[in-house]
Amino acid sequence: MFKSTRSDCMPYRLFNSIQHYSWGSRGADAFIPRLLGIQGELEKAYAELWIGTHPNAPSQVIQGSERISLATLIARDPDGILGTGVAERFNHQLPFLLKVLSAAEPLSIQAHPDRAQAQRLHARDPKHYPDANHKPEIALALDRLTALAGLKSAEDLHSTLLTYPEIAGFIGEISADSQDIFSAVIRRSLDVPQQLSVASQQLAERLKQTPAPRTEVENLFLALRPVYGDADVGLLALFLLNVVHLEAGEGLYVPAGVPHAYLQGNIVECMANSDNVIRVGLTSKFKDAEALLEVLTPDAGTLPVLRPEPELPEMRYTTPAKEFELRRLDLEAGAQLKMPARASVQVYLLTEGQISVSWNEGAEHYACGESFLIPARLPVWQLTALEKTTLFKASVPE
Ligand SMILES: [Zn+2]
């Protein structure tokens with residue numbers, strides 16, 4: 001246990017880690033290096049920037065002459081950094097993880113467990129489920145985001161099965177319920193994997209022979225088949241989920257048990273502090289179809305597109321999550337804001353522009369891609385936009 005030491009009353013600049021998952025953007029145009037103003041390595045994929053205390057990649061801060069993990073800073077003074085209420089409610093830990101995510105290629109088709117399921121999965125398989133927490137998440141598009149989100153309605157699934165008899169043939173008897181149709185495809189992929197390969201192959205051959213223009217999902221299916229192979233049930237699952245296109249500023253909130261996949265785009269993401277991902281397909285990582293069937297919710301249907309509500313000067317994205325709330329601030333050059341004291345922690349990330357932050361004892365400059373934490377103990381502070389600036393703020397709902 002750390003000895004409790006009172007933290008300094010100042011904003012903390014955050015030094016964050018980058019995850020180089022294979023689906024990240026790469027090359028001269030890779031989004032995350034551009035955002036951070038750094039020279040990326042051309043052949044490396046830049047997938048995610050993690051801002052928080054998750055043990056897989058905790059952010060670091062400077063305290064005095066020491067560079068320490070943000071988790072250590074919080075452990076030394078949970079009340080001063082998090083605020084008493086948040087510290088009490090969330091076991092003295094930062095309850096959220098903020099990310100920038102840049103997908104050049106599709107992420108796996110996945111779902112996240114609720115808290116009880118996460119505890120079970122973590123106890124059973126700690127290697128693949130690294131913590132016991134749930135992972136509700138919000139994704140906000142920075143440009144355009146293409147994603148698969150939630151199961152199609154029963155009506156849409158029935159017409160999908162008519163259009164793609166290869167999938168209908170694969171599952172055999174067809175239920176009236178959309179969750180059952182999705183589950184049947186996943187279940188059959190475990191029971192009769194050879195037939196899954198045959199169905200994918202037949203579907204691919206028919207699509208290639210059909211001259212008509214193909215749908216977005218058909219093109220995706222044909223493009224991903226050589227990457228993952230016919231034995232990957234994600235190829236058929238593509239046809240069973242809703243395709244959504246988000247414009248900059250729009251978002252998705254993904255609760256537990258809803259299958260989804262981000263296909264392409266750059267987003268700001270905030271989630272409960274967890275890395276529990278149950279993957280079912282479109283990945284070379286560990287797949288766990290059994291666990292996915294366990295967590296699938298009966299109302300895993302269409303996810304509404306989130307649009308922010310103005311609560312000026314902020315734009316607020318409302319979700320039911322208890323661990324986080326995400327807001328956006330769009331500031332014109334020269335804009336000055338007096339930021340009121342708040343009883344709990346806030347984390348800011350700049351995705352455009354630059355600002356100066358001043359408080360009674362000093363001032364700091366933050367550029368695009370940089371982030372900082374405002375401890376609960378800091379009283380009033382001031383923010384000045386040095387040029388047109390966009391900031392995201394993650395905090396805990398009151
Ligand atoms: Zn997810």
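First listed ligand is number 1; within each ligand, the first listed atom is number 1.
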Using distance only, find each side-chain donor-acceptor pair of residues 79-89 under 3.5 Å and give its atom names and separation, not counting sequence neighbours.
none

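Ring geometry, Y21 versus W23: the interplanar angle falls from 30° to 60°, so the pair is classed tilted. Between F372 and Y366, the ring planes are parallel. Angles under 30° get that label, and only those over 60° would be called perpendicular.
Applying the side chain to side chain donor-acceptor pair (under 3.5 Å) test to pairs two or more places apart or on separate chains, those with a residue in residues 200-215 are E166-R206.
For the Zn ion (ligand 1), protein N/O/S neighbours under 2.8 Å (waters excluded) are Q110 OE1, H112 NE2, E137 OE2, H260 NE2.
Across R225, K287, K285, a single residue satisfies salt bridge (charged side-chain N to carboxylate O under 4.0 Å, His left out) together with D232, and that is K287.
Residues satisfying the side-chain hydrogen bond (donor to acceptor under 3.5 Å, both in side chains) test with S22, not counting sequence neighbours, are none.
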